[in-house]
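Quick note: residue numbers are just sequence positions, from 1.
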Amino acid sequence: GHSTVTVPELSCSPGTLNRDCPRARLWYKGRVPSLRLLLALVLGLAQAAGAAEYHVAMTRASDANPCTDASRCLTIARGLEVAGAGDTLWIHGGVWTTAITTETMAITGGSSWATQLLVAEWPGETVIIRPASGTRVLYLADEDASYIEFRDIDFDAVNVTSDAVKLTASFTASHHIRLRGGSVKN
């Protein structure tokens, strides 16, 4: 048989992943775990250790803040400026009246799905991206803005003149973009 590994949470640092770590313990039933299993666990922890979480909100926020949960940034543009490969940008609830576009924002995604940039709605809150005017709601036209997942975000094009979502089709265009959950409308 195989070894059994149970990891309830991976919130301990890699140096404390042992019997002394109350949130993540490994239990082995009778055998030493395989090298493949240990390597996968170590790589997963290393990736998680390098990832950061950033927050943007419309209230009690400022773009002078570091975009942490305790000191949130005010604009999605600032959040995307500080977030990058492997990070998560949490957008807190509300109707955001700005477009997400590489024409005016510095957006850096990942180099693979393992290092993707996740842009997501804060759990339990509703995020609608509805620019007050302009041509598009979501426009990605830069190779650096690749391997990005937008999760549970509603893109509403009711006030724009062209596209709700546009990815360019040139050689150096954005690629590997996921829209998971949420909606694209109007």
Side-chain angles (χ1 to χ4, degrees), residues 40 42-58 61-69 71-123 125 127-157 159-186:
V42 169
L43 289 175
L45 288 173
Q47 180 183 339
E53 293 189 1
Y54 298 99
H55 295 258
V56 295
M58 288 189 262
S62 167
D63 278 349
N65 289 341
C67 298
T68 63
D69 190 23
S71 297
R72 299 172 183 172
C73 287
L74 182 61
T75 64
I76 293 172
R78 177 67 178 138
L80 287 168
E81 182 180 301
V82 298
D87 294 339
T88 299
L89 175 62
W90 292 108
I91 302 177
H92 288 266
V95 177
W96 293 80
T97 57
T98 184
I100 297 176
T101 172
T102 53
E103 291 177 310
T104 59
M105 298 176 178
I107 304 173
T108 304
S111 57
S112 70
W113 287 120
T115 61
Q116 76 174 4
L117 169 62
L118 174 61
V119 180
E121 167 184 283
W122 183 251
E125 299 181 11
V127 172
I128 301 170
I129 308 296
R130 182 187 298 146
S133 62
T135 55
R136 296 176 181 93
V137 181
L138 174 64
Y139 180 53
L140 302 176
D142 184 334
E143 189 174 26
D144 289 338
S146 297
Y147 290 99
I148 301 172
E149 178 177 324
F150 294 90
R151 186 179 299 162
D152 299 325
I153 296 173
D154 296 324
F155 296 96
D156 187 346
N159 300 322
V160 300
T161 58
S162 186
D163 308 303
V165 175
K166 182 171 184 177
L167 308 177
T168 59
S170 69
F171 181 70
T172 59
S174 300
H175 54 85
H176 291 88
I177 306 299
R178 284 184 184 148
L179 302 178
R180 184 171 294 188
S183 65
V184 177
K185 60 186 176 181
N186 297 321

Heavy-atom pair of closest approach, residues [X] and [Y]:
X	Y	answer
His176	Trp113	O-CH2, 3.2 Å
Thr104	Thr101	OG1-CG2, 3.2 Å
Leu117	Ala83	CD1-CB, 3.8 Å

Donor-acceptor pair, [X] side chain versus [Y] backbone, under 3.5 Å?
X	Y	answer
Ser183	Lys185	no
Glu121	Val127	yes
Thr98	Pro131	no
Ser71	Thr68	no
Thr97	Ala132	no
Asp63	Cys73	no
Asp144	Thr108	no
Thr102	Ala141	yes

Side-chain contact test, heavy atoms from C-beta onward, threshold under 4.5 Å: evaluate it for Leu80 versus Val119 and give yes or no.
yes

Any side-chain heavy-atom pair of Ile153 and Ile129 under 4.5 Å:
yes

Test log, rule side chain to side chain contact (heavy atoms under 4.5 Å, CB included), inputs Arg151 and Leu118
CA-CA 7 Å; Arg151 186 179 299 162; Leu118 174 61; 3.8 Å; yes

Set out, in order, the CA-CA distance, both residues' side-chain angles and the distance that settles side chain to side chain contact (heavy atoms under 4.5 Å, CB included) for Trp90 and Arg72, then state yes or no.
CA-CA 10 Å; Trp90 292 108; Arg72 299 172 183 172; over 6 Å; no

Leu138 side, atom CG; Phe150 side, atom CZ - distance, nearest 0.5 Å
4.5 Å

CG-CG distance between Asn186 and Asp156, expressed to the nearest 0.5 angstrom
4.5 Å

What orientation do Tyr147 and His175 show, parallel under 30°, tilted 30 to 60°, or perpendicular over 60°?
perpendicular

